[in-house]
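Below is one structure, written out as structure tokens, with a few remarks after it.
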Amino acid sequence: MTARFDQAPWATAGIQTVGPGVHRVPLPLPNDGLHAVNVYLLEDLDDDGGIVMIDGGWAIPEARKALEEALAAIDRDLGDISHILVTHIHRDHYTQAVELRRLLGSRVYLGAEERPGLEMLHRLRSDQPVGSLRTLRAAGAGELADRIEAMDHGGYDPSVWEAPDHWLGAETLRFGERELRVVPTPGHTKGHVVFLDEQRGLLFSGDHVLPHITPSIGFELAEPGGHPLADYLDSLRLMTRYADARLLPAHGPVADSAHTRVAELLAHHDDRLARSLTALGEDTLDAHAVARKLAWTRRAVPFGELSAFNQMLAVHETAAHLDVLVLRGRVSAARADGVDRYTRVS
């Protein structure tokens with residue numbers, strides 16, 4: 001009987017052949033609402049017959065076992081993995097890549113703009129999302145920041161937070177006769193990248209374009225800085241400059257059209273911008289206060305019913321939407337006592 005990680009069909013343990021030499025493998029996540037993370041095994045790229053893997057998964061024994069079983073189903077093993085291309089530095093994508101490199105000698109690639117977060121983590125020697133805690137406090141959510149800070153974040157393990165072998169920019173990776181275009185897509189994190197196989201019409205989208213959910217914005221180890229939602233919207237529009245491709249996401253099933261989902265995500269954020277402006281009304285409010293007036297998830301859950309972690313993401317996203325409204329001249333912002341407060345521009 002096939003084991004299941006949860007009740008989402010896409011997260012069923014096993015291997016799905018997406019196309020010739022391209023396989024999707026969902027790996028389990030510990031106590032995570034996302035259920036699983038997809039990694040992709042590309043068999044026909046490496047000249048030496050090795051496998052190029054996209055994203056690494058979370059470094060837990062269950063993920064390693066699931067990966068080994070998936071490889072065995074195509075008569076391969078862990079030793080065949082020669083390169084691991086990681087879309088971003090979040091634990092569920094990066095940590096097993098580093099562990100596999102230590103075991104196998106695989107080469108690990110990561111977006112160059114993830115370097116500041118990794119360097120901050122090494123300085124702090126803590127897995128706490130320090131930049132995100134500062135964002136919460138600037139959003140008027142100091143009590144929530146204190147609760148998040150007091151949580152167990154899994155403990156700092158330097159062995160899974162090593163630097164990659166290669167920092168990626170906007171470039172083309174060549175494996176034999178195949179090419180993968182690396183496209184920087186900041187927003188979810190500063191250094192997020194996607195991998196585009198233009199020859200076969202495949203987009204390995206990481207968390208940038210997801211088929212059923214919207215990714216969190218600016219959830220960083222380091223300071224998010226800048227305008228992460230504005231960056232994300234620009235990164236979404238960038239996807240439409242390339243020919244449409246099948247969507248191979250990190251969470252959720254494979255979809256036929258990346259462009260279709262990009263259009264849906266852009267429309268979603270237009271709606272959230274309008275709702276944020278309505279929630280602000282004629283008052284002067286911080287982002288935490290606005291977030292508490294909004295509903296969350298597709299089920300329209302009240303803010304107070306969210307877990308502390310999801311409240312953090314909600315406040316982050318509200319602040320990001322309000323900052324875009326400031327950029328567009330619809331809202332003004334002023335900081336007092338370390339908190340940003342927003343007022344509608346008449």
Side-chain angles (χ1 to χ4, degrees), residues 4-13 26-38 58 90-93 129 132 135-136 139-141 143-145 147-148 151 187-189 205-219 228-229 232-233 236 247 249-258 260-281 283 285-325 342:
R4 295 182 68 87
F5 303 141
D6 74 308
Q7 297 304 308
W10 69 269
T12 301
L27 300 181
L29 300 175
N31 303 316
D32 194 294
L34 292 174
H35 311 304
V37 59
N38 293 323
W58 192 311
H90 284 165
R91 184 191 294 267
D92 56 327
H93 295 255
S132 293
T135 298
L136 284 179
E143 186 273 335
L144 176 59
R147 280 192 285 141
I148 296 290
M151 289 179 176
H188 180 56
T189 66
S205 66
D207 283 3
H208 180 51
V209 183
L210 299 173
H212 291 157
I213 59 175
T214 57
S216 60
I217 301 299
F219 180 51
L229 179 58
Y232 179 65
L233 296 176
L236 283 177
L247 177 64
H251 307 284
V254 171
D256 289 335
S257 169
T260 297
R261 183 54 181 159
V262 164
E264 293 171 351
L265 288 166
L266 288 169
H268 163 80
H269 283 290
D270 283 343
D271 178 69
R272 294 303 289 184
L273 287 164
R275 290 176 185 271
S276 297
L277 190 61
T278 298
L280 179 61
D283 299 319
L285 301 173
D286 56 47
H288 185 209
V290 175
R292 294 198 305 269
K293 298 173 72 172
L294 294 168
W296 295 93
T297 80
R298 288 177 293 174
R299 299 187 300 276
V301 175
F303 181 87
E305 296 181 14
L306 298 173
S307 68
F309 181 81
N310 285 317
Q311 285 185 357
M312 175 180 67
L313 297 183
V315 172
H316 263 264
E317 294 192 20
T318 302
H321 282 91
L322 291 169
D323 287 340
V324 167
L325 290 170
Y342 301 86

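The chain is numbered in sequence order, starting from 1.
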Completion exercise
Distance col, row L285:CG vs T318:OG1, nearest 0.5 angstrom, shows 11.5 Å

Completion exercise
CG of L313 to OG1 of T297, rounded to nearest 0.5 Å, is 12.5 Å

Fill in the blank from the handout: Nearest heavy-atom contact between E317 and P215 is OE2-O, 3.9 Å

Practice task
Please list, chain by chain and in numerical order, all residues satisfying side chain to side chain contact (heavy atoms under 4.5 Å, CB included) with L266, sequence neighbours excluded.
Solution key: L233, L236, R237, V262

Fill in the blank from the handout: Heavy atoms of N38 and G252 approach each other most closely as ND2-O, 2.8 Å

Completion exercise
Hits for side chain to side chain donor-acceptor pair (under 3.5 Å) against S205, two or more places apart or cross-chain, chain-then-number order -> none

Exercise for the section: Please report the shortest heavy-atom distance between A320 and I217, naming the atom on each side. Expected result: CB-CG2, 4.3 Å

Would you give me the side-chain donor-acceptor pairs under 3.5 Å for residues 301-310, sequence neighbours excluded?
{"unit_1": "S307", "atom_1": "OG", "unit_2": "N310", "atom_2": "N", "d": "3.2"}
{"unit_1": "S307", "atom_1": "OG", "unit_2": "N310", "atom_2": "ND2", "d": "3.2"}

Problem - Side chain to side chain, P253 and P9, heavy atoms closer than 4.5 Å - result: no

Completion exercise
Closest heavy-atom pair, H35 versus A11, reported as atoms and distance to 0.1 Å, is CB-CB, 4.3 Å

Exercise for the section: Please answer whether the main-chain N or O of A291 pairs with a side-chain N or O of W296 as donor and acceptor at a distance below 3.5 Å. Expected result: yes

Practice task
Output all residues satisfying ring-ring contact (aromatic ring centres under 6.0 Å, His included) with H93, sequence neighbours left out; order by chain, then residue number.
Solution key: H88, H251

Practice task
Could you tell me the separation between the NE2 atom of H316 and the CG atom of L136, rounded to the nearest 0.5 Å?
Solution key: 4.5 Å

Practice task
Output the distance between atom CZ (R147) and atom CD (Q311), rounded to the nearest 0.5 Å.
Solution key: 5.5 Å

Handout entry: side chain to side chain contact (heavy atoms under 4.5 Å, CB included) partner of Y342, the single match among L325, V290, D323
Key = D323

Exercise for the section: Report the distance from atom NE2 of H208 to atom OG1 of T189, rounding to the nearest 0.5 Å. Expected result: 11.0 Å

Problem - Sequence-distant partners of Y232, side chain to side chain donor-acceptor pair (under 3.5 Å), two or more places apart - result: none

Fill in the blank from the handout: Residues pairing under side chain to side chain donor-acceptor pair (under 3.5 Å) where one sits in residues 268-281, two or more places apart or in two chains, turn out to be H269-H321, D271-R275

Handout entry: Closest heavy-atom pair and its distance - A139, V315
Key = CB-CG1, 3.5 Å

Practice task
Could you grab the distance from atom OG of S132 to atom CE of M312, nearest 0.5 Å is fine?
Solution key: 5.5 Å

Exercise for the section: Apply side chain to side chain donor-acceptor pair (under 3.5 Å) to D286 and list each qualifying residue two or more places apart in sequence or on a separate chain. Expected result: none

